[in-house]
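All remarks here apply to the structure that follows.
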Amino acid sequence: MSKFLKRSAAVLSLLSVSMFALAEVTVESPYVRAVPPGQTNTAAFMQLKNSSAEAISLVSASSSIAENVELHNHINEDGVMKMRQVELISISANGNASLEPGGYHIMLIGLSKEIAAGDMVDLEVKFSDGSSQQLTVPVKKVMAHSHHHHH
Ligand SMILES: [Cu+2]
């Protein structure tokens, strides 16, 4: 191996090490929906950005304040919007996935305490590439339905 090739190989391996250390999925503007006292379920929403050249999926989530955490989607069944549990939420290569009211969301089931706007909730999200992220997510008031009528 020439001196030049040896050097290139060293630079390449350095590059791949530093690229591996970068988070491939970025979580942006996460929030948890505030719920009235007595309500034991809520949902978390966020934008997921995949900066890698391969599709990555959100595969699970957990939180210390919820007994169960599931990935859900909303589907329109005979004109009725229903929530369905899904195995994963896919984020395309160099793409985004939106978790938002009326669509994909992270369902927090069996809340162990009341949560109000302004509280912070811990949420761990796990991805198909084996990575996970510990998030601290603010609780916000969200309109139940985002239909706006103008008269
Ligand atoms: Cu749900």
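Only heavy atoms go into these numbers, but all of them, side chains included; no hydrogens, no water, no symmetry mates. Indexing begins at 1, ligand by ligand and atom by atom, following the structure's order.
- For residue Asn41, no N/O/S atom approaches the Cu ion (ligand 1) to within less than 2.8 Å.
- The closest side-chain donor-acceptor pair between Asp122 and Ser64 falls under 3.5 angstrom.
- Distances from the Cu ion (ligand 1) show that His74 has no N/O/S atom below 2.8 Å.
- Note: angle at the Cu ion (ligand 1), from NE2 of His105 to ND1 of His72, is 110° (rounded to 10 degrees).
- In the model, Ser51 has no side-chain atom that pairs as donor or acceptor with a side-chain atom of Glu24 under 3.5 Å.
- Linking ILVMFWY side-chain heavy atoms closer than 4.5 Å, directly or via other members, places Val27 and Val121 in a single hydrophobic cluster.
- Using a cut-off of 2.8 Å, one finds that Met83 contributes an N/O/S atom close to the Cu ion (ligand 1).
- A 4.5 Å side-chain heavy-atom check between Val35 and Leu111 finds at least one atom pair inside the cut-off.
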